[in-house]
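Written out below as structure tokens is the structure these notes cover.
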Amino acid sequence: MKITKHLSVVLLLFFISTLTAQDFKLGKVSVAELEQKVHPKDTSAVAAVLYKKGVSRMELDPNEGFCMITDVETRIKIYKKEGYEWANQEVWYYNYNSLKEKVFFTDAVTYNLIGGKIEKTKLKSDGAFDEVLSKYRGQKKITMPNVKEGSVIEFRYTVRSPSDGMIRDWDFQTSIPVNYSEFKVAYPEYYVFKPRQKGYIFPKVKTTKNSKSVAFTTSVRGGSGFTFASGHERNQIDYIETEVTYTAQDVPALKDESFVNNINNYRASIEHELSIIQFPNSPIKEYSTDWNSVVKTIYDYDDFGPELNKTGYFEEDLKKILAGVTTPEEKILVILNHVKSNVKWNTYSGYSCDSGVKKTYKEKTGNVADINLMLTAMLRYAGLTANPVLVSTRSNGIAFFPNRNAFNYVIAAVETPNGYVLLDATDKYSTPNMLPMRALNWMGRLIRKDGTSEEINLMPTKTSNDIVFMNYDIDAEGKIKGKTRRQCSDYNAMITRENFEKLKEEEYLEKLENNNGKIEISEYSRTNEKDLLVPIVETYSFTGNNLCEVIGGKIYVNPMLFFAQNKNPFKQEVREYPVDFGYPFLDKYNITIKIPDGFTVETLPEAVVFNMENNLGSFKFNIAASDSLLQLSIVHQINKAIVGTDEYEMLKDYYKGMIAKQTEKIVLKRI
């Protein structure tokens, strides 16, 4: 028995090494791949990429010049039903007047093992379709047929791009394991691309130089007087091609963690930024070599910088609303509110204007650039030092490297003696220095009229408060009746207002009751819902039959009731990514408890204070008893929006201690 088991292990290891070493080809799915029940290195995996190979190569088109062709082939193993989503594949492409890309799926087949034989099911034409993502992007999608637990799927797709300056990003890492990943880029000697790697896994790199020769025929016409002749001319171009191959093996799944702004920021991947083009007998064209050259290029676009100089369309309106307004703070608020109330965001991002500021103002709708460049122009007209700030949204990822595609958003900044005031008129709940959450993504890039730029910290430094006043009575049967007043400021208020907007009041209350121990709410009210500059307040009375336990004549109650945090979001032994809270915050609870007649306190949680180093945060828990009343004061404060991995262990221990204290119970006994 031991020999058989040992032999099985040897065969399994041989199979794995063979998988890694083989020359992968579509259509060569093996019985061993189909028989595999779990991934050998990650038994929890719902699926795995057995191999993925891609080539981005420039090809010369006699009519269009150099074009970029990208071919990708992939084989995926499905282990569990939860992995069926990998049967749905999509590839985005640019689709607007000056850049129309084409995507083709081919060789898409699902393989299953039926009765010991391999069964193939090919993708039919109705399994592929196009989807519009925005005015500028489309998406080709396929849904693989006949997918089951144990299936292997494979497919190929090609992206043909008329642009010669864009190499697609390549991800070596996904949310499932990747056994083998290979990406090859090839381009003529006239181009220089800068590779940029992200993540914590680095592929092997091999570079070669190849001699290339391209022959083509062009039509020619010529003649003199009224006599013309036509024919064809043979041409040939000889050049050196740079070929770079990146390979990675046994790449683990990328696991998401709590409080990560965008997991894609840490995905092992490679991107290439066009740096230089120089054709024979032509001057050098330099592209994005540093941030200053990037922003200058963007500022000079017709749909960016020139839009800031247009003022005639709003001047009369601005004169009226600014009459009697003198201070910079007042001007900022008046202009921001004017834009917010007159122009609505159409949900399209981008730092380039779509409709243009004049048309947007007239039609009262536009994209991010239309609105916030208009806002910047108005602020300048009012005599303020205002400039646009390029931003990469959370969904777009952090702008790690200098390139024009790093940004997809723009806001406005006003320079004051006390620092910059950041503004975004696309969000109905935004206020000065209160950007929408989508724009809180580490650093932005401010551009001035003279072409210079400056890095701007987008992360909030002001603390957002969530203050709760609660008092409740406990009766002898453990039923609780009480009142709550909750006051939220700044980002906590913004999030609360957004939550109010999503649901009707009845739906909101039903959700609040269900999430808070099935309580019953009455006398509910809100104040300051529309006044964005002051905290929002909600009050309500409640009753609950399941908020404490009565055991052996004793009452056990968590003093924070439904406000207690009972799960630690930081469970990993080692944290690979920074913790992103979004903004500094303070949660404060003032709680008064009236114990029932005939009862006294047997056990009270002890008072504690936890202070983290470097003023990262603190937790304070105080409780005092006086006759039949208990008074609690609880404060949980985090002072940094982003916490580095070097402080993770301290943060994890802090949360562990805080949650243990929040979930301690008061014990009441009969007198």
Side-chain angles (χ1 to χ4, degrees), residues 298-391 409-436 439 444 446-452 454 456 494 528 530-534:
I298 292 173
Y299 198 92
D300 290 340
Y301 288 159
D302 291 339
D303 48 15
F304 193 94
E307 295 288 330
L308 292 166
N309 299 323
K310 299 174 182 178
T311 61
Y313 64 96
F314 65 67
E315 289 183 7
E316 290 302 316
D317 290 341
L318 226 58
K319 287 176 183 177
K320 293 176 183 177
I321 66 171
L322 290 175
V325 179
T326 56
T327 68
E329 292 79 13
E330 290 175 323
K331 289 181 179 179
I332 290 171
L333 192 58
V334 166
I335 293 172
L336 175 64
N337 288 336
H338 176 70
V339 176
K340 284 169 56 180
S341 60
N342 283 279
V343 185
K344 303 303 177 187
W345 182 38
N346 61 14
T347 73
Y348 288 126
S349 295
Y351 55 68
S352 297
C353 288
D354 184 6
S355 301
V357 291
K358 186 175 180 180
K359 185 178 180 182
T360 294
Y361 193 69
K362 180 181 179 181
E363 297 185 353
K364 298 185 179 298
T365 183
N367 74 354
V368 167
D370 291 322
I371 293 172
N372 284 332
L373 293 184
M374 175 197 303
L375 172 65
T376 306
M378 289 183 179
L379 294 165
R380 286 180 176 180
Y381 181 80
L384 301 169
T385 304
N387 291 294
V389 178
L390 295 168
V391 171
Y409 204 88
V410 62
I411 61 172
V414 178
E415 191 171 350
T416 73
N418 298 319
Y420 288 107
V421 178
L422 304 181
L423 304 164
D424 186 343
T426 66
D427 192 289
K428 65 188 296 184
Y429 297 118
S430 72
T431 58
N433 276 334
M434 282 279 297
L435 302 175
L446 179 143
I447 321 176
R448 298 186 180 88
K449 294 179 183 179
D450 60 6
T452 60
E454 177 184 345
I456 296 290
M494 175 185 279
N528 304 329
K530 305 298 182 184
D531 190 347
L532 305 185
L533 297 181
V534 296

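Hydrogens, waters and symmetry mates are skipped; everything else that's a heavy atom, side chains included, is used. Here the structure is a predicted model, which means the values were calculated and not measured.
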Q: Please test C353 against M374 for side-chain contact (heavy atoms from CB on, under 4.5 Å), starting from the C-alpha separation and ending with a verdict.
A: CA-CA 10 Å; C353 288; M374 175 197 303; over 6 Å; no

Would you list the atom pairs, donor with acceptor, under 3.5 Å between side chains in residues 411-418 and any protein atom, with sequence neighbours excluded?
| from | atom 1 | to | atom 2 | distance (Å) |
| --- | --- | --- | --- | --- |
| T416 | OG1 | N418 | N | 3.2 |
| T416 | OG1 | G419 | N | 3.4 |
| T416 | OG1 | G419 | O | 2.5 |

**Q.** Where T326 and K331 come nearest, the two heavy atoms and their spacing
**A.** O-CE, 3.8 Å

Q: Please identify each residue that fulfils side chain to side chain donor-acceptor pair (under 3.5 Å) with Y361, with sequence neighbours left out.
A: D317, H338

Q. Does the side chain of L336 come within less than 4.5 Å of P432's, by heavy atoms?
A. yes

**Q.** Candidate pair T431 and L533, rule side-chain contact (heavy atoms from CB on, under 4.5 Å), full reasoning
**A.** CA-CA 7 Å; T431 58; L533 297 181; 4.0 Å; yes

(Q) Please enumerate all residues that pass side chain to side chain donor-acceptor pair (under 3.5 Å) together with D424, with sequence neighbours excluded. (A) N372, Y409, T426

Q. So, for V339 and A425, which heavy atoms are closest and what is the spacing to 0.1 Å?
A. CG1-CB, 3.6 Å

Q. What is the distance from atom CG of L384 to atom OG1 of T376, rounded to the nearest 0.5 Å?
A. 11.0 Å

Q. Quick one: are L422 and I456 in side-chain contact, heavy atoms under 4.5 Å?
A. yes

Q. Counting N and O atoms only, with roles assigned by atom type, does the side chain of D370 sit under 3.5 Å from a partner on the main chain of S355, one being a donor and the other an acceptor?
A. yes

Q. Is there a side-chain contact between Y420 and V389 (heavy atoms, below 4.5 Å)?
A. no

Q | Evaluation steps, side-chain contact (heavy atoms from CB on, under 4.5 Å), between L375 and L423 | A | CA-CA 9 Å; L375 172 65; L423 304 164; 3.9 Å; yes

Q. If you round to the nearest 0.5 Å, how far is CG of D354 from NZ of K359?
A. 8.0 Å

(Q) How close do N367 and N346 get, counting heavy atoms only, and between which atoms? (A) CA-OD1, 3.3 Å

Q) Taking the side chain as C-beta and beyond, is there a heavy-atom pair between E329 and L333 under 4.5 Å? A) no

Q | Y381 vs I335 side-chain heavy atoms within contact, under 4.5 Å | A | no

(Q) Could you check whether K358 pairs with E307 (Lys NZ or Arg NE/NH1/NH2 to Asp/Glu carboxylate O, under 4.0 Å)? (A) no

Q: Kindly indicate whether the side chain of P388, heavy atoms from C-beta on, has any atom under 4.5 Å from the side chain of Y351.
A: no

Q. Out of curiosity, L390 CG to I298 CD1, how far, rounded to the nearest 0.5 Å?
A. 5.0 Å

**Q.** Backbone of K428 reached by a side-chain donor or acceptor of K340 within 3.5 Å
**A.** yes

Q: Report the C-alpha distance between K362 and Y313 in whole Å, list the side-chain angles of each, state the deciding distance to 0.1 Å, and finish with yes or no for side-chain contact (heavy atoms from CB on, under 4.5 Å).
A: CA-CA 8 Å; K362 180 181 179 181; Y313 64 96; over 6 Å; no

Q) Which pair of non-hydrogen atoms, one from D303 and one from S352, has the smallest distance, and what is that distance? A) OD2-CB, 3.3 Å

Q. Within a strict 4.5 Å, meaning less than it, do heavy atoms of the Y348 and V368 side chains meet?
A. no

Q | Sidechain-backbone polar pair: T365 side chain, K344 backbone, donor-acceptor under 3.5 Å | A | yes

(Q) Using a 6.0 Å cut-off, check whether atom CG of D302 has over 12 heavy atoms from anything other than its own residue. (A) no

Q) Where is the tightest heavy-atom contact between G366 and I371, given as atom of each residue plus distance? A) O-CD1, 3.6 Å

**Q.** Under 3.5 Å donor-acceptor, T452 side chain and R448 backbone
**A.** no

Q | Heavy-atom side-chain contact between M434 and M494 under 4.5 Å | A | yes

